[in-house]
Each structure stands twice: as structure tokens, then as C-alpha cells.
2 protein chains.
Amino acid sequence: MEKKERLTIKQIARLANVSDSTVSRVLNNQPDVNENTRQRIQEIVKRVGYRPDAIARSLVTGQSKTLAFVTEDIRNPFFAEVARGLEDAAAEYGYQIIYCSTDSNVDKEKMYIDMLLAYRVAGIVFTSFSGNQAIINEIIKCNIPYVFVNRYYNEIPGDCVLIDNYRGGYLATQHLIKLGHKRIVHLGGGSVSFTRLERKRGYEQALKDAGIKYNEKLVKTIKGTLKYNTGYEITKEILKEEKFTAIFALNDLIALGAWAACLEEGKKIPEDIAIVGFDNIDFTAFPTVALTTINQPRYEMGRKCMEILKERIEGSSTDNAEKFKKIIFTPELVIRKSCGFYRK
Amino acid sequence: MEKKERLTIKQIARLANVSDSTVSRVLNNQPDVNENTRQRIQEIVKRVGYRPDAIARSLVTGQSKTLAFVTEDIRNPFFAEVARGLEDAAAEYGYQIIYCSTDSNVDKEKMYIDMLLAYRVAGIVFTSFSGNQAIINEIIKCNIPYVFVNRYYNEIPGDCVLIDNYRGGYLATQHLIKLGHKRIVHLGGGSVSFTRLERKRGYEQALKDAGIKYNEKLVKTIKGTLKYNTGYEITKEILKEEKFTAIFALNDLIALGAWAACLEEGKKIPEDIAIVGFDNIDFTAFPTVALTTINQPRYEMGRKCMEILKERIEGSSTDNAEKFKKIIFTPELVIRKSCGFYRK
DNA sequence: CTGTTAGCGCCTTCAT
DNA sequence: ATGAAGGCGCTAACAG
């Protein structure tokens, strides 16, 4: 049985009758190499199928071409779409992505971050984050750039890529109000997430502008993961507690869960209850669903993260670490059938 | 401005008044270390927050704790669910996952594999693969274990995790036949994928067993990505060409696209056309969709991949590389509303 | 333009 | 039970 040892730079050097530094130079496209030598080496590299060891390279350069994507759950189509944008841009620049699904569990988050730091990832994208300062401090200590997507924290520094969530919440609620709704449930809010607060603020302001009194009982804070079942269950609850004719949910998955709960209780959508979601995940466009929602340019947001990280990683090292970026995209109301027409 | 150098094993050694080898030993839980020394070192490690450099470790051990998940598109919920299963199991064993979305494009696939090999990943999961032998040869040459999920190749060796796709295709078609359908379109087939061939074979056999003649014109091979739009477009075509009362699509996304196309052409589902999908992605259960489909235990399949890889990576090195595993799960028919009831 | 030297941070014999 | 030395594969000064 033959031993298949991995080729090293030294063997290439020997084959080409040069030193390994010379090979290293052509491998890294450095100048000051004789054109003949360069070609000869490149040819050999190609012929024998030599592939530089990225691990060894990382060790000496102190840098890796690996990024991390920290998310609540990659099964949520919103995150998957952001991830794809990031991944595509990353691939163009020669970076690869490690995915970490935390289920919004601080311990899992810690575990993952620890692993990522051990592997000296070049940058981290947070699409979900516990808000735990200690974790961010660790990352900062390791001098690793990071960016929040669709997340923002007043107390925690960092680049971020967002949409105007306030405006999104406003548009969603305003749409329902225009259709004649007065008792509008909001599935969202809570205190941990700036994104949620902003959406809720938009909801409140739209009510106010329309002269509708804010009613605390119509606001249900989501606890736990932002998934379908969560929306389903919370809606089951509020259907027993309150009367209302419309729902604005903080994301599409929750909205869909709410929809299912309404149907199960004999409510018709949109005749009895109108629903607006948030994110505009692909499925909301399906004809028998047709959920009205707020669009976020998810793919583009993912790409933008890569741009930001790339600049931080490779950019001029003038310490501009203090000037954090805040990229804000514009939300758009996507009107579909789940709200029906003007009533009463 | 303070320089924040990363702590190294040597500094820990100095703090503990021992040599770095001793520190290394306790870090790796090796025996033959004085219990006092061990505790002292562990305490220091904890106190100063030292984190071993995984890159350096990988370089010397020649192994990494990084796996790769190669898929067509992570936005496809089927893949996302498999990925989550893999990721969860991986996290339990201290592995992390790099995701690679290839869009079933050989060049992208090559590019990614190249990157993965350069980084010496410990193992690869293919959820989508071009069938390119050369690529597999490279991987084998690097001695990296890999497993195919939901894919199987006669000519290409490797472990695989599958369902009985033939049976899945049979169940789907049989269901339609039982409901009285005779002209059943199949969106699938083609020659590249064993999985597709098997599903189609099930389709054919079910027809045969029911005494229905196989009609080539009712079979449309999917080209391109297995996504919603692809299903939509191909269905638009066949609606113009043929008469039929039912569709069996090779996956749910295609089925959903077909559904949308039918609606657009004024067909009602299930009254005019019955539809069966494949995979049982979460969204098919939504009440206003309720797509009849074939369930695959996606999450479990992902977990299984981890088990297989772990054994190959860490297992006893007795060369059992020839005995490839073939794990087969059982598909289940999930009856929902998209097929309606018995007709005529 | 090219070779030599010296590590990157860690693990692993081999002595002691 | 511990330390010293050497090396994983590569890059980066520094000479020449």
C-alpha cells in the first residue's frame, strides 16, 4: 500500500531547483521573480497538482480566510438568504464561511464563539446575538472584526447592516389602518432587541398618527425562537383573550404561524383577520399564501457584510476602528392578499 | 495604545513554572502529569483566559475539526434541515461546519473543494454533487472521508445516507392512481442523478402495476437548479403541450412552482390537477398549501452523516475504507389536501 | 532576482 | 513526572 504524503513547498522547490522562498514568492504573486523561473514553477505546481497548505499559511501570517456566520437557525429562510449573499460575496474574495446556529441560546453562542476564536476566524457576521457584552469583549480582544445584520445595540459597538425597522413597522401598521382596522394586534416587542423595539415603535407611531389609542393588551411579546410554532402558539393565546381584526407580526414565520392558528379557530384570512408579516421570505409570495409583508433586501444585506468585513480585514490599518459603520437599507411594503380590501 | 498579543502556551508555561510540554499535556488531558501541577495549570489557563490556537494545533497534528457541507443552495429548506442535523451533531463532538453552495455548478464545486482541501477539512458531506470523478479522486488522494446524502453513484465509491427513493416514487404515484388519475405528469428523471432515476423508476412501476401505459411525453426532465422557478417554468410548458390531471414532482419546491403555474393557467388544485411533491419541507404543511408529499427524515439524515464521518475520522485505522456504508431510511407518504379525493 | 535563516504556536519523541 | 529539542509547512526579513 502506497503512502500518499501531501506535497510540500520544499518538494516543489527541489523539482524546480530553487529554494522554497522562491516558490513561496510565485505562489503569492510577489514581484521580483524571474519570469522564466516563475513560469517554470507555475508549470510544475500545476503538473503535480500541488496545493499550498492553508493551515500552515494561516499560522505564519496570523490570518485565515475563514469567516463565521452566527445565526439563530439556518432553517429560517430569512437567514438562509442573508447567508447566501454573504457566501457568494465571500467566495469571490476567496473566503469560506462557517455557520453557527445558536437557537438564540447563550451557551451555544459562547461555545461557538470560543471555537471560532480558537480557529482565528477572520471575521464574524451576527444575524442573531444574545447581547452578552463579555462575548463581544472576547472578540474585540482577539482583534477580530464583526458585523451585526438586522441587529443593533446601543451599548455594543460594531458595524451593522440594517433596514429602517421603524419605518418597516410604520408601513405595515399604516397599511392595516388604511384598510379600516382599529384593533391591531402586534406580535413582537420585548426589550432585548433593538430591531424589535424599532418595529414596535413604528407600530405605535402609526396608530398615534391615525388617532388610535395604543392598547397594551394587543401587544404580545414573542419569547423563544422566531419560528412558526412560536407564532402559532402565541396567537392561540391571544385569540382567547382579545378581540381584534388584524395582526402585524414581527416576522413572516410568526405571521404564518398566526395565520394557521386563526384558521384553526375558524377565522378567515383576510375576511375576519388581516395579517402582515415582515421579511418577505420567498414562501410568502406563494399564490395560496400571498402574505402581505415588509421586504428586506436580504441577499444584498449579506453581500454588504462581506464588503464591510473585507475592508476591516484587509483594509489600510489606520485605526478607524472607532468609526463604526451603520448601513441602512430601505424597507418596502409588499401588498398581497392577506389583508384584503377596505372594510366598513 | 496597548498591544494585545495572543497568549501562547509558552506564556502559560512561564506563569506555571513548567515547560510548555507539560502545559500541552494537561491541555490534551494526557496522563502522567502530577495532579497538583495539572490543577495549577488548569487554574491559570482559566484565569488568564488562554485559548489554544487551533490552527497551530492542526498544523502539527495534521488534522482539523472542520467539516464541509456541500450543497446546491442552502436556501432550499430540505438542505437547510439536513444541515441543521449535521451541525447539531457536529457541535456535540467539537466540529464546525463550512457551508458551500455550488448551485450545481461544476466550477463552483471545484473551487470550493479546492479551498476545502487546502484547509485540510476533516470530512465532507455532499448533498449535491456533479458526479465529476476527478474531484472525488482529489479528495481520496488527500485521504479525506466524505459521505453523500440523498445522492448515490454507482461508479463513485463512498458512504451514503439515503431514503429508498424508488419506494418514495412508487408511493407518490400509487397515491395518485388510487385517486383515479391516469394521466400523471412526472417532473423529474434525467440521467445524472441516481436519486432522480430511482424516483422515476418508482413512478414507472406504479403505473405498470396499475396497468397504465408509460407515456414518455408526460415526463419532463428538470434542468438547472431544483428550485421553485424551475418548477414553475417547466409546468407552464407542459400545460401547453399535454392534457393531464396530476403531477408528481421530484421535490417540493418544484411541486410548488408547478402549483403556481397551474393556478396561473386557470387550473384549480386539486379539482383540476392533483399534485404530489417530495421531501416534506416544513412549508408544505401550511394550511393553505397542504401539499401531499413524501417525507424524508432530513434532520436525522444530517446527524447520521456526522456519525459516519466521525467514525472514519477518529475510528480505528484498520483500513475498512473499502466497505462503504449505505444507510437507507424509509420514506413516508404524507397525505394532505393537494390531491383531493377520488374522482370519477 | 534568489537563497538563508528564523520563526508562527503547538505537539511529540527522547532523555532525564 | 517533566524538560529539551525538533519539526509540522509556510512566509518574511535580510543578505547577497
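Only this structure's heavy atoms are used, side chains among them; waters, hydrogens and symmetry mates stay out. Quick caveat, the model's predicted, so the values are computed rather than measured. Just so it is clear: chains get the letters A, B, ... in the order the sequence lines come, proteins before strands, and each one is counted from 1.
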(message) Whole angstroms only, please: what is the CG-C1' distance between L27(B) and dT2(D)?
(response) 16 Å
(request) For the side chain of P52(A), starting at C-beta, report the closest nucleotide among dC10(D), dA12(D), dC10(C). (result) dC10(D)
(request) Quick one: label V60(B) by what it contacts on the DNA or RNA (base, sugar-phosphate, nothing), any heavy atom closer than 4.0 Å. (result) base
(message) So if I apply the side-chain hydrogen bond (donor to acceptor under 3.5 Å, both in side chains) rule between Y93(A) and each of E314(A), K65(A), K310(A), E307(A), which one comes out positive?
(response) E307(A)
(message) Just the rounded figure in Å: distance from P of dC8(D) to CG of L7(A).
(response) 14 Å
(request) Could you state the atom-to-atom distance from CG of D53(B) to P of dG9(D) in whole Å? (result) 17 Å
(request) Nearest whole angstrom, please: distance from the P of dC10(C) to the CD1 of I55(B). (result) 11 Å
(request) In whole angstrom, give the distance that lies between atom CG of D20(B) and atom P of dC11(C). (result) 10 Å
(request) Ignoring backbone atoms, establish whether T37(A) has a side-chain N or O less than 4.0 Å from OP1 or OP2 of dT2(C). (result) yes
(message) At less than 4.0 Å, is any side-chain N or O atom of S21(A) found next to OP1 or OP2 of dA12(D)? Yes or no.
(response) no
(request) With ring pair (Phe, Tyr, Trp, His ring centres under 6.0 Å) as the test, would you mind laying out the steps for Y153(B) and F194(B) before giving the verdict? (result) CA-CA 6 Å; Y153(B) 302 87; F194(B) 183 77; 8.4 Å; no
(request) Consider the side chain of A56(B), meaning its heavy atoms from C-beta on, and name the nucleotide among dC11(C), dG9(C), dC10(D) that approaches it most closely. (result) dG9(C)
(request) Specify the residue among V18(B) and A54(A) whose closest nucleotide of DNA chain D lies further upstream toward the 5′ end. (result) V18(B)
(message) Under 4.0 Å from OP1 or OP2 of dG9(D): is there any side-chain N or O of Y119(B) that close?
(response) no
(request) Ignoring backbone atoms, establish whether S24(B) has a side-chain N or O less than 4.0 Å from OP1 or OP2 of dC10(C). (result) no
(request) Indicate the atoms forming the closest heavy-atom contact of R84(A) with E72(B), along with that distance. (result) NH1-O, 4.0 Å
(message) From CD1 of I12(A) over to P of dG9(D), roughly how many Å is that when rounded to an integer?
(response) 13 Å
(request) Pick base, sugar-phosphate or nothing for D32(A), based on heavy-atom distances below 4.0 Å to the nucleic acid. (result) base
(request) Respond yes when some side-chain nitrogen or oxygen of Q30(B) is under 4.0 Å from OP1 or OP2 of dT12(C), and no when none is. (result) yes
(message) I need the T195(A) OG1 to R151(A) CZ distance, nearest 0.5 Å.
(response) 5.0 Å
(request) Examine dT4(C): is either OP1 or OP2 under 4.0 Å from a nitrogen or oxygen in the side chain of S19(A)? Give yes or no. (result) no
(request) Mark yes or no for a side-chain to base donor-acceptor pair under 3.5 Å between R120(B) and dG9(D), with no hydrogen or angle criteria applied. (result) no
(request) Find the distance I41(B):CD1 to dC11(C):P and express it as a whole number of Å. (result) 12 Å
(request) Evaluate the ring planes of Y146(A) and F126(A), with Trp represented by its six-membered ring, and classify them as parallel (under 30°), tilted (30 to 60°) or perpendicular (over 60°). (result) perpendicular
(request) Starting from C1' on dT11(D), measure out to NZ on K10(A) and report it in whole angstrom. (result) 13 Å
(message) Within the 4.0 Å heavy-atom criterion, would you say N17(B) contacts the bases, only the backbone, or no part of the nucleic acid?
(response) sugar-phosphate
(request) Classify the nucleic acid contact of N28(B) as base, sugar-phosphate or nothing, counting any heavy atom under 4.0 Å across all strands shown. (result) sugar-phosphate
(request) Report which part of the nucleic acid S58(A) touches: base, sugar-phosphate, or nothing (heavy-atom distance under 4.0 Å, all strands). (result) nothing
(message) Closer than 3.5 angstrom, by distance alone: can the side chain of Y152(B) be matched with the main-chain N or O of S193(B) as a donor-acceptor pair?
(response) no
